[in-house]
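Just follow the structure's listing: the first ligand is 1, and inside any ligand the first atom is 1.
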Amino acid sequence: MMMTMLDHFARQLPDIDPTETKEWIDSLDAVVSAQGAPRARYIMAKLLERANELQVGVPPTTSTPYINTIPAENQPFFPGNEDIERRIRAFIRWNAAAMVIRANKSADGIGGHLSTYASSASLYEVGFNHFFRGKDDGLAGDHVYYQGHAAPGVYARAFLEGRLSEVNLDNFRMEIGGQGLSSYPHPRLMPHFWEYPTVSMGLGPINSIYHARFNKYLHDRRLEDTSQSQIWSFLGDGECDEPETLGAISLAGRSDLGNLNWVINCNLQRLDGPVRGNGKIIQELEGVFRGAGWNVIKVVWGSAWDELLHRDVDGVLLNKMNTTVDGEYQRYATENGAYIREHFFGPDPRLRKLVEHLSDEQIEHLPRGGHDYQKVYAAFKAASEVTDQPTVILAKTVKGWTLGEGFEGRNATHQIKKMTKNQLLELRERLHMEDEIPESALEDGMPPYFRPAEGSEEFQYMMQRRRALDGFIPKRVVRDRRPLKSPSAAPFLELQKGSSGREVSTTMAFTALLRDLLRDQDFGDRVVPIVPDEARTFGMDSLFREFKIYAPRGQLYEPVDHDLLLSYSEAVDGQLLEEGITEAGSMASWIAAGTSYANTGVPMVPFYTFYSMFGFQRIGDLAWLAADARTRGFLMGATAGRTTLMGEGLQHQDGHSMLLAATIPACEAYDPAFAFELGAIIEDGLDRMYPEGSIEGEDVFYYISIYNENYEQPPRPDHVDDLDITSGLYKFDFGPDLGPDALRATILFSGPSYLAAKEAQEILATHFNISAELWSVTSYKRLRNDAIDCQRRNRLNPLGERLVPMVTSKLQASEGPIIAVSDWMAAVVGQVNRWTPRPMSVLGTDGFGRSDTREALRSFFEVDAAHVVVTVLNALARDGEIDRQVVADAIQHFGIDPDRPDPAHPDTGATELGR
Ligand SMILES: Cc1ncc(C[n+]2csc(CCOP(=O)(O)OP(=O)(O)O)c2C)c(N)n1
Ligand SMILES: [Mg+2]
């Protein structure tokens, strides 16, 4: 690839000395014809190296030969005791396997993984013994993202350290009883152990990038010294196919994230089979990462290969390494020495000669780099010393390593969870644990655990290493390093006043509030506004100049709009995170900020404002992860609603994220209609998640929809208090006094459907002598959760007092039929259908969005005032209060076609054009 690039480059420039050029080319030709391509390649590599030294700007090569990046002669001295560490590793390997096997013996089908950790044990153990820093004594420590399926190894180590008991291990994947261990890293259910949920593949990697970037942000903004913390992220080679894994690596490159280290366990396999049978995953990843500005360290071969490579004067071995595809390498992992001699070394006599001094057994055991302690240590050390670039270690391993023939390199290895007695004996032998595990203990299929005595050399060594590295990991702690002060109440009081005749949207109200919070003397510093290239849409460009956009390299240019008040201003200590067009990245950024209270002990308050349609449905998995990770903060779903957003059409109009939000247990989902509601909800969120001076807030987050329709924001009515608003439902308007004979109705609205409700109220009063009271529903989810809780408690306490759901008791105080209207699909309101005291009619916006004006859309989806009126009349007719003719007349009066197609049908309204 590099040659083609240079080729193009050479052809475009004039040759100022063709003779000299020709001499160089002739020399190269001579080398190739006399000594072959490998020699020529070697010389070229040397020339490039020299060119680099001379600062001759040649583009970096993206791919290097299939050998270790760190040459043997540059390997550092290994400071540990390799023999003891090997034994510790063997014990951990054994216990990890025993735990999974025992779990599946006692609860068949409970699952678990043997092969992933088996292939990565050396990678983790070098980290645990020499690099990963804990956070005892209030230190910041490192942040380690473990590969989810390697969890058994992490538990096994914690067991050796005395942090977990045999009972815990025996409850692997059996969490219900309270002693269990979660299948995968999970801070929700093991909140004092795991820090980062990683098992949904790709999400750990992207989170680790934004976490590293957020640490730098904290540092650059002088909020916390994070310079001593490294982020280590372990991932699988198969996991690299997830777009989230590679999608953000260029951010790490251009943000100079020297604090970030990725370790990719390249065992060449994923769940079903090879990752790149016909290619080489390590080579592919090398190019991708180097192109993105990463420091790449390949750890391909173990030490025993060094001597062979040294003697490879013809480059035949190197050539064979370069041209063998992963599918073949996988095969070699399963074959014996004779086969490897025949097929790998065999075809070329020079190669065969290179290994003639080795026995078949020695050939079979020529190890891969990722299992070689010396090589891995060298790579980790180099990675930890790089300060201005992220590093990726590409470590080649065998999946299922040490587990024996049935496992190593087998396509099915990922899924095997059981071992026969013979397989256990073989493992015992491989791990040299004959003294620790008596054969008799392997009879019943429940292999015993082994923990070295406290006085033993191994135990002492392990403990000493962890003490030297500041304590055990993983360990999740929530520390009060920099307590948070609450913001002043003034901006919230401001929102209570309403807009005094001005027409403003809830988005505008939010932006004003955000600005006020950012300006708050004590609190402002901790606010983290996050946007994915949409600030202008939300009127948030007004924040650019005042608070600046965070840019690790500062602003190296004068922006085109420098003379404007709202110019695009970047700064090293900028506060805004303008993430560009990446909702996944923005969400990862929000998670990093929203878990800072635990990661660094510095509570930060992120507001991620996004196009609601590109929220939950786009990054739903990350939203769940945020809940798993106990993230605190605000998600602001702007341009919400199926009809409120004009013109944008199908892929923009969000009528369902309120429903998606409702599915996440830790997510409070609110749909305010008014600025004063918005203020009350955010204030409540701050109180709950960030109580003043304490770290003990609730681990929930808030999803709040905001809209872009301008209307007069009413002042908060005197009869309404904060609790009314945050409880989910309150009576906003008692309805006009039309005398004792007037009929009554109850209209529930949320968000901008308030406008339809209000207009309908007027029409009903003027034309039908019906007084409708208006109720605002700020959270159907809250009402539903309360109702379900009541129902459950009643079910389990048949003799106790009957509890009445809030939605029932509140609406018992209302009169007439109940009609609900919102800009969401009907199922959002439907969440509480079973608990209204009288039947409820629901108007929602089911079906695909489409582009048109608000009026046209609301008429189309049947959520405008006319449809609210018709629905009220229908309900009254149903209840025998009015004649059906009145309804029919109203339908005709409003010009509604009773035979119009259902807007919820997927093809309603499709045009005939372009057929
Ligand atoms: C998003 C997602 N998709 C699928 C899975 C199921 N899954 C678990 S492990 C695995 C294979 C992992 O292969 P690799 O990343 O190479 O890791 P290895 O075990 O080989 O180290 C798959 C497909 C998952 N956990 N997450
Ligand atoms: Mg793999």
Side-chain angles (χ1 to χ4, degrees), residues 93 96-97 100 111-125 127 145-154 173 182-186 194 196-208 232-247 262-277 279-285 288 299-300 325-327 329-330 333-334 368-371 376 392-403 407-417 584 587-588 618-626 628:
R93 283 179 178 286
V100 175
H113 298 84
L114 296 168
S115 298
T116 300
Y117 178 70
S119 65
S120 52
S122 297
L123 304 175
Y124 285 109
E125 280 302 299
Y145 287 70
Y146 304 89
Q147 220 183 326
H149 310 81
V154 181
R173 290 186 166 232
S182 32
S183 46
Y184 305 116
H186 205 304
W194 293 117
Y196 316 110
T198 44
V199 82
S200 180
M201 310 194 102
L203 303 192
I206 193 171
N207 279 327
S208 72
W232 294 87
S233 182
F234 285 79
L235 45 157
D237 47 359
E239 186 171 11
C240 293
D241 285 337
E242 287 287 2
E244 287 89 346
T245 305
L246 297 184
W262 275 15
V263 183
I264 305 186
N265 175 19
C266 296
N267 54 25
L268 317 185
Q269 289 179 244
R270 42 180 166 70
L271 192 151
D272 282 338
V275 177
R276 292 288 183 276
K280 287 223 271 297
I281 188 65
I282 291 182
Q283 297 301 85
E284 181 180 324
L285 291 175
V288 171
V299 185
V300 188
V325 294
D326 282 356
Y329 280 121
Q330 187 192 345
T334 67
R368 293 185 178 175
H371 302 305
V376 174
V392 60
I393 295 170
L394 302 171
K396 183 168 169 169
T397 65
V398 174
K399 194 152 179 169
W401 184 241
T402 71
L403 294 177
F407 287 81
E408 288 174 347
R410 299 290 165 193
N411 273 336
T413 190
H414 190 86
Q415 302 285 73
I416 312 176
K417 303 158 198 328
M587 191 66 185
R618 179 89 191 209
I619 45 79
D621 204 359
L622 275 165
W624 270 88
L625 179 144
D628 291 346

Side chain, backbone, both or neither: which part of Q269 comes within less than 4.0 Å of ligand 1 when only heavy atoms are counted?
->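 Within the 4.0 Å criterion, Q269 contacts ligand 1 through backbone atoms alone.
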Which one holds for N267 and ligand 1: side chain close, backbone close, both close, or neither close, with close meaning a heavy atom under 4.0 Å?
->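 The side chain, only.
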Using 2.8 Å as a strict upper limit, say whether an N, O or S atom of [X] approaches the Mg ion (ligand 2) that closely.
{"X": "E239", "answer": "no"}
{"X": "T116", "answer": "no"}
{"X": "S119", "answer": "no"}

Donor-acceptor contact present, side-chain [X] to main-chain [Y], <3.5 Å:
{"X": "R270", "Y": "G238", "answer": "no"}
{"X": "H186", "Y": "D628", "answer": "no"}
{"X": "T198", "Y": "Y146", "answer": "yes"}
{"X": "T413", "Y": "G400", "answer": "no"}
{"X": "R93", "Y": "A121", "answer": "no"}

Check the side chains of N207 and E244 for a donor-acceptor pair under 3.5 angstrom, ignoring hydrogens and angles.
->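 Per modelled atom types, E244 and N207 side chains form no pair under 3.5 Å.
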Pair K399-E408, salt bridge (charged side-chain N to carboxylate O under 4.0 Å, His left out): steps then yes or no | CA-CA 6 Å; K399 194 152 179 169; E408 288 174 347; over 6 Å; no
As an exercise, identify every atom of ligand 1 less than 4.0 angstrom from a heavy atom of [X].
{"X": "Q147", "answer": "17 (O), 18 (P), 19 (O), 21 (O)"}
{"X": "N265", "answer": "21 (O)"}
{"X": "H149", "answer": "8 (C), 9 (S), 25 (N)"}
{"X": "G238", "answer": "14 (P), 15 (O), 16 (O)"}

What protein heavy atom sits nearest [atom], and how far away is it?
{"atom": "atom 20 (O) of ligand 1", "result": "K399 NZ, 2.7 Å"}
{"atom": "atom 12 (C) of ligand 1", "result": "M201 CE, 3.5 Å"}
{"atom": "atom 25 (N) of ligand 1", "result": "V199 O, 3.0 Å"}
{"atom": "atom 15 (O) of ligand 1", "result": "E239 N, 2.9 Å"}
{"atom": "atom 13 (O) of ligand 1", "result": "R270 CA, 3.4 Å"}

Rounded to 10°, how big is the angle at the Mg ion (ligand 2) from Q269 O to N267 OD1?
->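 Between O of Q269 and OD1 of N267, at the Mg ion (ligand 2), the angle is about 90°.
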Side chains of N267 and V398: closer than 4.5 Å at any heavy-atom pair?
->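 The answer is no; the side chains never approach within 4.5 Å.
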Contact check: [X] vs ligand 1, nitrogen or oxygen atoms, below 3.5 angstrom:
{"X": "L271", "result": "no"}
{"X": "T116", "result": "yes"}
{"X": "D621", "result": "no"}
{"X": "V275", "result": "no"}

Looking at atom 8 (C) of ligand 1, is any protein heavy atom nearer than 4.0 Å to it?
->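 True for atom 8 (C) of ligand 1.
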Does ligand 1 have any atom sitting under 4.0 Å from a heavy atom of E242?
->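 It does, in that a heavy atom of E242 comes within the 4.0 Å cut-off of ligand 1.
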Are the aromatic rings of Y145 and F234 close, with centres under 6.0 Å apart?
->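 So the answer is no for these two rings.
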Taking the six-membered ring of Y329, is the NZ or CZ of K280 close enough (under 6.0 Å from the centre) and on axis enough (within 45°)?
->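 That pair does not qualify as a cation-pi contact.
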Hey, what do you get for CD (Q283) to SG (C266), rounding to the nearest 0.5 Å?
->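 Result: 10.0 Å between the selected atoms.
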Report the distance from atom CG of L235 to atom OG1 of T245, rounding to the nearest 0.5 Å.
->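 It is 6.5 Å, given to the nearest 0.5 Å.
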D237 atom (N/O/S) at minimal separation from the Mg ion (ligand 2) |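 Atom name of the closest N, O or S in D237: OD1.
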Charged N-O contact under 4.0 Å between D241 and R276 |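 Looking at R276 together with D241, the answer is yes, because their closest N to O distance falls below 4.0 Å.
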